[in-house]
Visitor: 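If you scroll down you'll find the structure; I have some questions about it.
Numbers here simply count residues along the sequence, with the first being 1.
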Amino acid sequence: MKNWQKIYEDGSPVRAEIVKGVLEEKNIQAVILNKKESVYQIHGQYEVMVPITDALTAINIVKNEITF
């Protein structure tokens, strides 16, 4: 994940999937990393990652076009 940047994180897998889906509709490749600890699922986040070249555009989309 060297050439990827985190542009969003949340404790909800549903919100992470929504962000990923919106980015993919805008032709931005996105992946979700599950950073939740494996036993109790209490600590950690779901991180949406995009290629560094698309990071600025993706951040603007998340800030301006997605509301929860």
Visitor: Once rounded to the nearest 0.5 Å, what's the spacing between atom CD of E24 and atom CD of Q29?
Guide: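 Taking CD in E24 and CD in Q29, the distance rounds to 8.0 Å.
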Visitor: Any heavy-atom pair between the side chains of V31 and E47 that's under 4.5 Å?
Guide: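 In short, these two side chains do not touch, never coming nearer than 4.5 Å.
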Visitor: Give me the atom names and distance for the closest heavy-atom approach of A16 to V48.
Guide: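 In this case the closest contact between A16 and V48 is O-CG2, 3.7 Å.
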Visitor: To the nearest 0.5 Å, how far apart are CD in E65 and CG in N60?
Guide: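 Rounded to the nearest 0.5 Å, the CD-CG separation comes out at 9.0 Å.
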Visitor: I'd like to check L33 versus M49 (side-chain heavy atoms, cut-off strictly below 4.5 Å). Are they in contact?
Guide: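 Yes, their side chains come closer than 4.5 Å.
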Visitor: Are I59 and V50 co-members of a hydrophobic cluster defined by side-chain heavy atoms under 4.5 Å apart?
Guide: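 Yes, V50 connects to I59 through the hydrophobic network.
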Visitor: Going by the side-chain hydrogen bond (donor to acceptor under 3.5 Å, both in side chains) test, which pairs reach into residues 9-22, not counting sequence neighbours?
Guide: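 Found K6-E9, Y8-D10.
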Visitor: Which value, rounded to the nearest 0.5 Å, describes the distance between I7 atom CD1 and L56 atom CG?
Guide: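 Nearest 0.5 Å value for the CD1-CG distance: 11.0 Å.
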Visitor: Under 4.5 Å between any side-chain heavy atoms of K35 and Y46, yes or no?
Guide: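 No, every pair of side-chain atoms sits at 4.5 Å or beyond.
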Visitor: How long is the straight-line distance from CD1 of I32 back to CD of Q45, given to the nearest 0.5 Å?
Guide: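 These two atoms lie 12.5 Å from each other.
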Visitor: In this structure, would L23 and I66 fall into the same cluster of hydrophobic residues linked by side-chain contacts under 4.5 Å?
Guide: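 Same hydrophobic cluster.
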